Amino acid sequence: MLFIVAALLLLGVLMGTVAHAPLPLSAVAGAVIAVWLGVFALRERHARRRGPSAD
C-alpha cells in the first residue's frame with residue numbers, strides 16, 4: 001500500500017498539479033495520506049478480527 005502512495009506522489013510530482021507546489025508541501029501531503037491509509041488499514045484489520053458488526 002505504501003508503494004502505491006509513493007508511486008502516486010511521484011506521478012503527481014512529475015505530471016500533476018502538485019508539480020506547482022513546493023517539494024516540502026508535497027512531501028507533507030504524501031506523509032499525511034500515508035498515515036491516513038495506515039490508520040484505515042489498522043481499523044480494517046481490527047474490525048475483521050472482531051467479526052461482523054451489528055449495523
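Side-chain atoms are counted along with the backbone in the values below, which use heavy atoms only and exclude waters and symmetry mates. A quick note: this is a predicted structure, and the numbers were derived from the prediction, not measured. In this chain, numbering begins with 1 at the start of the sequence shown.
Shown here are the side-chain contact (heavy atoms from CB on, under 4.5 Å) partners of L37, two or more places apart in sequence or in another chain: M1, V5, I33. V32 is linked by a side-chain contact (heavy atoms from CB on, under 4.5 Å) to V28, counting only residues two or more places apart in sequence or in another chain.
Side-chain contacts under 4.5 Å among hydrophobic residues (ILVMFWY), followed directly or transitively, place L23 with no other residue at all.
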